[in-house]
Amino acid sequence: MWHYTLQCFECQRESPTREAGFRCKTCGGLLEAKFDLAGRRKPSWDRRHLSVWKYRELLPIEREESIISLAEGGTGLHRCQRLGRKLGLRKLYVKNEGENPTGSFKDRGMTVAISKAKELGKKKVLCASTGNTAASLAAYSARAGMECIVLVPKGKVAGGKLLQVTMHGARIIQVKGDFDKAFATALELADRRRELYLMNSLNPYRLEGQKTLAFEISDQLDSKTPDTVILPVGNGGNISASWKGFTEFQQLSITKTRPRMIGIQAEKAAPIATAVKGKESKIRPIHDPQTIATAIRIGSPVNWPKVLKAIKESKGTAETVTDLEILQAQRDLATLEGIFVEPASATSIAGLKKLRASGKVDPSETVICVTTGHGLKDPSVLERLPKSRTGYNLEITDRSDLDALERIL
Ligand code: AN7
């Protein structure tokens, strides 16, 4: 590990790296790990296999024995020619984060944050979640032998995620209301009971793990920078961590330029996209957000200052998509490319389609859509599929039934 400090994202004041808490003690701003990269060269990591821990010099873990891992990262960057043709793009790639151990990108951050929790001597971890953070934390805390408590919005978490949390032995508290209520409760709890270590994306160590998404994309493209990276946005941890990753690779002269970052939100859960489109410098939280993409059903995203800065600095933008557009994009990716993602992940594809139609993405661009979670997470989508896709019901009793079946095929 190279030397780093924890700094306030707003006032730049340094916090001690042990017992820093999750907000700047002076101004209440978000915290961020800063590696001093001036004069540094790229480490000799080319022969290590692609994974989160390939980049351990740039991860804030002091001792290798602290690392708790389930083999995260190293996900595929898939060239998508058939879908690209449909969307009018020559160079479209999907970085499929559903290939992580618990089926979502959250594992990148969780392996680092749980390793940090171990280094800090924590025994009990806590998070609020729309599902994937909870599933990931439940798995990693089991692996670390820690107690785990998750708060989720009651009745609004996809079935696969609930199954994961339960299977890994975490305690689930179902909170009436939406994610924002569950998060406020978790914050309060962590404040009252200091032995509970908060693992939401306010935790700067999680974002350090998540920045490896950008490192991997750069490595998989042989240090060529894509023009545009499109991600789903909920709390905004992933898009801001990815931007930090692209920035660090540029500082190390591994890449020459940085891509444009584009965030996609569901139409009725879009505080960030609304602020970006309105050129506002603050977001306005949304009351009672709605979308079929339950993973990103978030009205008051905690990382919004980092997201607005990433989008602005990168000359990117944000877009919204409807539930119908999300479901269509989910099916397009599955049928044209064999990649099955959950609805929240399909927003990156749905958003790209809209941005192509409005001319905000050009046919010659190299575009990466990040798909953040596996399709099996949310089996409830089956009920939303058109009848023509769910198959025929036939009773085969004699030859004439078989003849009828043959005629259909
Ligand atoms: C599949 O699990 O917030 O913008 O509590 O599960 O970094 O929040 C999940 C978020 C995108 C948004 N795609 O990422 C949680 C949670 C999927 C997700 C996001 C989430 P951020």
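Every number for a ligand or one of its atoms is a count from 1 in the order of the listing.
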Under-4.0 Å heavy-atom contact with ligand 1, by part of Lys377 that carries it: neither

Protein heavy atom at shortest distance from atom 2 (O) of ligand 1: Thr133 N, 2.8 Å

ring-ring contact (aromatic ring centres under 6.0 Å, His included) partners for Phe183, two or more places apart: Phe179

Selected option - heavy-atom contact closest to atom 12 (C) of ligand 1, from Gly234, Ser345, Pro153, Ala135: Gly234

Identity and separation of the nearest protein heavy atom to atom 21 (P) of ligand 1: Gly236 N, 3.5 Å

Ring geometry between Trp45 and Tyr55 (parallel below 30°, tilted from 30 to 60°, perpendicular above 60°): perpendicular

Nearest non-hydrogen protein atom, atom 10 (C) of ligand 1: Lys106 NZ, 3.2 Å

Taking atom 6 (O) of ligand 1 as the reference point, the nearest protein heavy atom with its distance: Asn132 ND2, 2.7 Å

N or O contact, Gly237 vs ligand 1, cut-off under 3.5 Å: yes

Part of Asn303 within contact of ligand 1 (heavy atoms, under 4.0 Å): neither

For atom 13 (N) of ligand 1, closest protein heavy-atom neighbour: Thr372 OG1, 2.6 Å

Shortest protein contact, atom 18 (C) of ligand 1 (heavy atom only): Ala295 CB, 3.5 Å

Gln7 and Arg13 side chains, donor-acceptor separation under 3.5 Å: no

Any Ser104 heavy atom less than 4.0 Å from ligand 1: no

Thr75 side chain to Lys95 side chain, donor-acceptor N/O pair below 3.5 angstrom: yes

Check: Glu97/Asn238 side-chain N/O donor and acceptor closer than 3.5 Å: no

Short side-chain donor-acceptor distance under 3.5 Å, Gln164 and Lys377: yes

Per-atom contacts, ligand 1 versus Asn235 - under 4.0 Å to a heavy atom: 3 (O), 4 (O), 8 (O), 21 (P)

Sub-4.0 Å atoms of ligand 1 with respect to non-hydrogen atoms of Val233: 4 (O)

Any N or O of Asn238 closer than 3.5 Å to N or O of ligand 1: yes

Flag, side chain of Lys354 to backbone of Thr320, donor-acceptor distance under 3.5 Å: yes

Modelled atom types, side-chain donor and acceptor of Glu72 and Tyr140, under 3.5 Å: yes

Sole residue of Lys54, Lys42, Arg48 in salt bridge (Lys or Arg N to Asp or Glu O under 4.0 Å) with Asp219: Lys54

Polar contact flag, side-chain donor to acceptor under 3.5 angstrom, Thr372-Ser345: yes

Minimum-distance protein heavy atom relative to atom 19 (C) of ligand 1: Ile296 CG2, 3.5 Å

Distance filter under 4.0 Å to Ile298 heavy atoms, resulting ligand 1 atoms: 3 (O)

Stepwise salt bridge (Lys or Arg N to Asp or Glu O under 4.0 Å) check, Lys353 with Glu325: CA-CA 9 Å; Lys353 192 172 176 186; Glu325 289 167 333; over 6 Å; no

Numbered atoms of ligand 1 (with element) below 4.0 Å of Ser129, judged on heavy atoms: 2 (O), 5 (O), 15 (C)

Ser201 near ligand 1 by a heavy-atom separation under 4.0 Å: no

Any Glu97 heavy atom less than 4.0 Å from ligand 1: no

Heavy-atom donor-acceptor pair, Ser314 side chain to Arg260 backbone, under 3.5 Å: no

Residue, atom name and distance, where the atom is the protein heavy atom closest to atom 20 (C) of ligand 1: Phe105 CE2, 3.8 Å

Residue pair Ser240 / Asn303, side-chain donor-acceptor N/O under 3.5 Å: no

Part of Leu231 within contact of ligand 1 (heavy atoms, under 4.0 Å): neither

